[in-house]
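Right, one structure below, let's go through it.
Numbers restart at 1 for each chain; the letters A, B, ... are given by sequence-line order, proteins then strands. Please read all numbers here as calculations on a predicted model, not as lab measurements.
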Amino acid sequence: NAGVMQNPRHLVRRRGQEARLRCSPMKGHSHVYWYRQLPEEGLKFMVYLQKENIIDESGMPKERFSAEFPKEGPSILRIQQVVRGDSAAYFCASSRDRNSYEQYFGPGTRLTVT
Amino acid sequence: SQQGEEDPQALSIQEGENATMNCSYKTSINNLQWYRQNSGRGLVHLILIRSNEREKHSGRLRVTLDTSKKSSSLLITASRAADTASYFCATDLNFGNEKLTFGTGTRLTIIP
């Protein structure tokens, strides 16, 4: 019973490049959440998606960041023109449905911008 | 201060002792959850307590919730070296939004 999968686990990008982070939810889960964790801090909510729908993107920066969860395939968090301040761990979580309060987290992608 | 603040920020105890961590929050909640994060790893869900519950147990874990004080505590009994990790509380607000709001965490170190 595979858990939430994220890849890559580590990603290094130069300033100005694009970063693409992938998340495959647990089998049977149709809700995906993205969180960002800066060093020595707690996780901050970014976006909540269902298949083909963005439900809540109140935590997403207004520019350069976008997320999708297509009908087929993983959820993608895309960061365009990365800056040093984007360096963080990005975690994806999934849940079965709106009434399942427990979110199951992936191992995270650690993005380093040089 | 933010929704979900843990206290203390760091805690070191001897193996076998009990560890208690506290979490305070600001707004009404639907439920409160505790997660563990080992260094450099993802989060592991420990326990969920709903707003109409006052206490919950799971193995060596005991969680209490006081909605009048907007606070929760996590007690780990008979601590083990493997309990060394950061512990976060996360709140799910009561207007049906499922996004979790995390505190800054308590870093627990168990000394063998």
TODO: Please state whether the side chain, the backbone, both or neither of B/Gln37 comes within less than 4.5 Å of a heavy atom of chain A.
DONE: side chain
Task: Under 3.5 Å donor-acceptor, B/Asp92 side chain and B/Leu32 backbone - done: no
Open item on the list: Does the plane of the ring in B/Phe102 sit parallel, tilted or perpendicular to the ring in B/Phe88? Use 30° and 60° as the thresholds.
Closed with: perpendicular
Task: A/Asp86 and A/Arg64 ion-paired at < 4.0 Å - done: yes
Open item on the list: Using a 4.5 Å heavy-atom cutoff, which residues in residues 104-113 of chain A come close to chain B?
Closed with: A/Phe105, A/Gly106, A/Pro107, A/Arg110
Open item on the list: So, applying side chain to side chain contact (heavy atoms under 4.5 Å, CB included) with A/Glu68, which one of A/Ile76, A/Ile54, A/Val47 is it?
Closed with: A/Ile76
Task: Side-chain donor-acceptor contact under 3.5 Å, B/Ser72 with B/Tyr25 - done: no
Open item on the list: Under a 3.5 Å threshold, yes or no: a donor from one side chain and an acceptor from the other, between A/Tyr48 and A/Gln103?
Closed with: no
Open item on the list: Per the disulfide (SG to SG under 2.5 Å) rule, what does the pair list look like for residues 37-67 of chain A, sequence neighbours excluded?
Closed with: none
Open item on the list: What part of A/Gln37 gets within 4.5 angstrom of chain B, counting heavy atoms only: side chain, backbone, both, or neither?
Closed with: side chain
